[in-house]
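Everything below concerns the one structure shown next.
Just follow the structure's listing: the first ligand is 1, and inside any ligand the first atom is 1. Note that the structure is a prediction, hence the values are computed from the model and not measured. Quick note: numbers below take in every heavy atom, side chains included, and nothing from hydrogens, waters or symmetry partners.
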Amino acid sequence: MLDPVRWASHGENRLPGKLRLIDQTRLPEELQYIETDDLAEIHDAIRRLVVRGAPAIGCAAALGLAAVMQHARDRSPHDYLTEARRAAEFLAGARPTAVNLAWALDRCMTRLERESAVRGAAGETTAAVLEDALLDEALAILREDLDLCRGIGEHGLAVFEGRSGLGVLTHCNAGALATSDYGTALAPIYRAHEMGMGPRVFADETRPLLQGSRLTVWELQRAGVDVTLICDNMAAQVMREDRVDLVIVGADRIAANGDAANKIGTYGVAVLARSHGIPFYVAAPYSTIDRALETGESIPIEQRDPDEVRRGFGKLTAPPDCKVYNPAFDVTPAGLIAGIITERGILRPPYTAAIEALFASVDGEHARRNTAPPT
Ligand code: MRU
C-alpha cells in the first residue's frame with residue numbers, strides 16, 4: 001500500500017528521526033515525499049493538505065509532535081512538557097473539522113503527562129525518557145490506524161452482500177492516502193477487489209480541490225480497481241442510469257447521534273442516494289466519533305481560502321474579486337445513513353444507542369489493558 005505518513009529515521013535507532021509525508025498537493029503528477037521536524041512546516045503541511053484525510057492528519061500530528069520535540073531534548077522535564085503542550089495546541093489549530101487531529105494530540109499529551117507523573121515520582125524523568133514515550137505513543141497511533149483500516153475493510157465487505165460487479169460511488173478521498181494504510185471508505189472496496197468481486201467504482205471529482213480525481217482515481221487505478229471519474233454534478237444522472245448500487249464515504253467527525261461531517265458535497269450525495277433508493281454508508285474508525293457533540297450542528301466547519309474556488313490550481317475561473325463561500329465540509333444527517341462501518345462492525349440506527357454500545361466495549365477493553373481510553 002501507499003505510505004502517506006511515516007516516521008523516518010536514517011540510522012540504526014529510531015531517534016533521531018523526522019516526519020515523512022507524501023506531498024499530496026503534487027499528485028497525480030508526481031509522487032514526492034517531504035521530511036521535516038519543523039513545527040511551522042508541519043502545521044503548514046496539514047493546513048495546505050500536503051497530508052489530509054482525518055486519520056492521516058491525526059497520525060501526522062502525533063509523529064510531527066515527536067519530531068519537533070527532539071529540539072527540546074536538553075530542557076528540564078518541566079520545560080519539555082510546557083513546550084510539548086504549546087506545540088500540540090498549535091498543531092491542533094491547523095484544521096478544525098476532523099476530530100482525529102485533536103484526538104491524537106490529546107492522546108500524546110496524556111501519555112507524556114502520565115509518564116512524567118509515574119517516572120517523576122521515582123525521580124527518573126528526563127526529557128530523553130519523555131521523548132521516547134512520545135514517539136512510542138505516536139507510533140502506536142499509526143500502527144492502530146493500520147489495524148482499524150483492515151477491520152473496516154473486513155466488516156465493510158458485508159455491505160456487498162456477496163454480490164460481484166457492484167457499482168460503488170464515493171466522494172473525496174477516504175483511501176490509502178487519507179490513512180496510514182488501506183483507507184476507510186475504500187477499505188471495503190479494496191477487500192472486495194482482493195476477493196475477486198470486481199467492484200466498479202464511480203469517483204466524484206470533488207470540487208474545489210479535486211481529491212476525488214487527483215487522489216482516489218490515482219490510488220484505485222494504481223491498485224488495479226475498476227474506477228470511473230465523474231464530475232460532482234453527474235452523480236444524479238449516474239444513479240438514475242442504475243449504475244450505482246451503494247455509496248460509501250468517509251467522515252471527519254461523527255456526532256453522538258450519528259450525524260457525520262465529511263467533504264463538502266457529501267450531504268448532496270446522501271440526498272441523491274435516498275431519492276434513488278440507494279444505501280448510503282459512512283466508514284470511519286472510533287477515533288472519528290466525537291461523543292462530546294450531541295448532534296452534527298455543533299461540528300466546526302472549516303472555511304477555506306476563496307481563491308481555491310476562484311482560481312482552481314492557479315487558473316482564473318471566476319472574476320477575481322467575486323464573492324465566494326467555501327466551506328470545506330458538510331454534515332449528513334444520521335437519518336440518511338444506512339450504516340456506519342467501523343472496525344468493530346456496522347452500526348445501524350438508532351445511532352445514539354449503537355455508538356454508546358461501541359464505546360462501552362472500547363472503554364472496557366482499555367480498562368482491562370490499563371491504557372488510556374479514547375476521549
Ligand atoms: O479536506 P480533506 O481532503 O482532508 O477531506 C478529507 C475527507 O473529507 C475524507 O473523506 C475524510 O477525512 C475521511 S478520510 C479517511
message = Among all protein heavy atoms in this structure, tell me which lies nearest to atom 5 (O) of ligand 1, with the distance rounded to 0.1 Å.
response = Lys263 CE, 3.3 Å
message = Can you tell whether the side chains of Glu35 and Lys18 come within less than 4.0 Å, N to carboxylate O?
response = no
inquiry  = Checking the N or O distance criterion of under 3.5 Å, is ligand 1 in contact with Asp252?
reply    = yes
inquiry  = I'd like to know if Glu137 pairs up with Arg114 as an ion pair, taking the criterion as any Lys NZ or Arg NE/NH1/NH2 lying under 4.0 Å from an Asp or Glu carboxylate oxygen.
reply    = no
query = Can you tell me which residue and heavy atom of the protein come closest to atom 6 (C) of ligand 1, and the distance to 0.1 Å?
reply = Arg52 NH2, 3.5 Å
query = Can Asp321 and Arg310 be counted as an ion pair, charged N to O under 4.0 angstrom?
reply = no
inquiry  = Any salt bridge linking Arg304 with Glu302? Criterion: basic side-chain nitrogen under 4.0 Å from a carboxylate oxygen.
reply    = yes
inquiry  = Show me which atoms of ligand 1 lie under 4.0 Å from any heavy atom of Ala54.
reply    = 12 (O), 14 (S)
inquiry  = Does only the side chain of Val249 get under 4.0 Å from ligand 1, or the backbone, or both, or neither? Count heavy atoms.
reply    = neither
inquiry  = Quick test of your reading of the model: are Glu89 and Arg86 salt-bridged, counting only N-O distances below 4.0 Å?
reply    = no
query = Of all the non-hydrogen atoms in the protein, which one sits nearest to atom 15 (C) of ligand 1, and at what distance?
reply = Thr184 OG1, 3.1 Å
task = Using a strict 4.0 Å cut-off to heavy atoms of Cys172, name the atoms of ligand 1 that fall inside it.
result = 5 (O), 6 (C), 7 (C), 8 (O)
task = Enumerate the atoms of ligand 1 whose separation from the nearest heavy atom of Ala178 is less than 4.0 angstrom.
result = 14 (S), 15 (C)
request  = Below 4.0 angstrom from a heavy atom of Arg95, which ligand 1 atoms are there? Numbered from 1 as shown, please.
outcome  = 1 (O), 2 (P), 4 (O)
query = Is the shortest distance from a Lys or Arg side-chain nitrogen in Arg6 or Asp3 to a carboxylate oxygen in the other one below 4.0 Å?
reply = no
query = What atoms of ligand 1 come closer than 4.0 angstrom to any heavy atom of Pro55?
reply = 14 (S), 15 (C)
ask   = Would you call Glu154 and Arg344 a salt bridge, using N to O less than 4.0 angstrom?
value = no
message = List ligand 1 atoms under 4.0 Å from Gln211, heavy atoms only on the residue side.
response = 1 (O), 2 (P), 3 (O)
ask   = Hey, does the Lys NZ or Arg CZ of Arg75 hover above the aromatic six-ring of Tyr80, less than 6.0 Å from the centre and inside 45° of the axis?
value = no
inquiry  = Does any N or O of ligand 1 fall below 3.5 Å from an N or O anywhere on Gly53, backbone included?
reply    = yes
key: Whether Gly183 lies under 4.0 Å from ligand 1, heavy atom   = no
request  = Output yes when Asp145 and Arg150 qualify as a salt bridge under the 4.0 Å nitrogen-oxygen rule, no when they do not.
outcome  = no
inquiry  = List ligand 1 atoms under 4.0 Å from Asn262, heavy atoms only on the residue side.
reply    = 7 (C), 8 (O), 9 (C), 10 (O), 11 (C)
request  = In plain terms, say whether Asp232 and Arg207 are close enough for a salt bridge, that is, a side-chain N and a carboxylate O under 4.0 Å apart.
outcome  = no
ask   = Does Leu215 have a heavy atom less than 4.0 Å from any atom of ligand 1?
value = no
request  = Output yes when the distance from some N or O of ligand 1 to some N or O of Thr179 is under 3.5 Å, and no in every other case.
outcome  = no
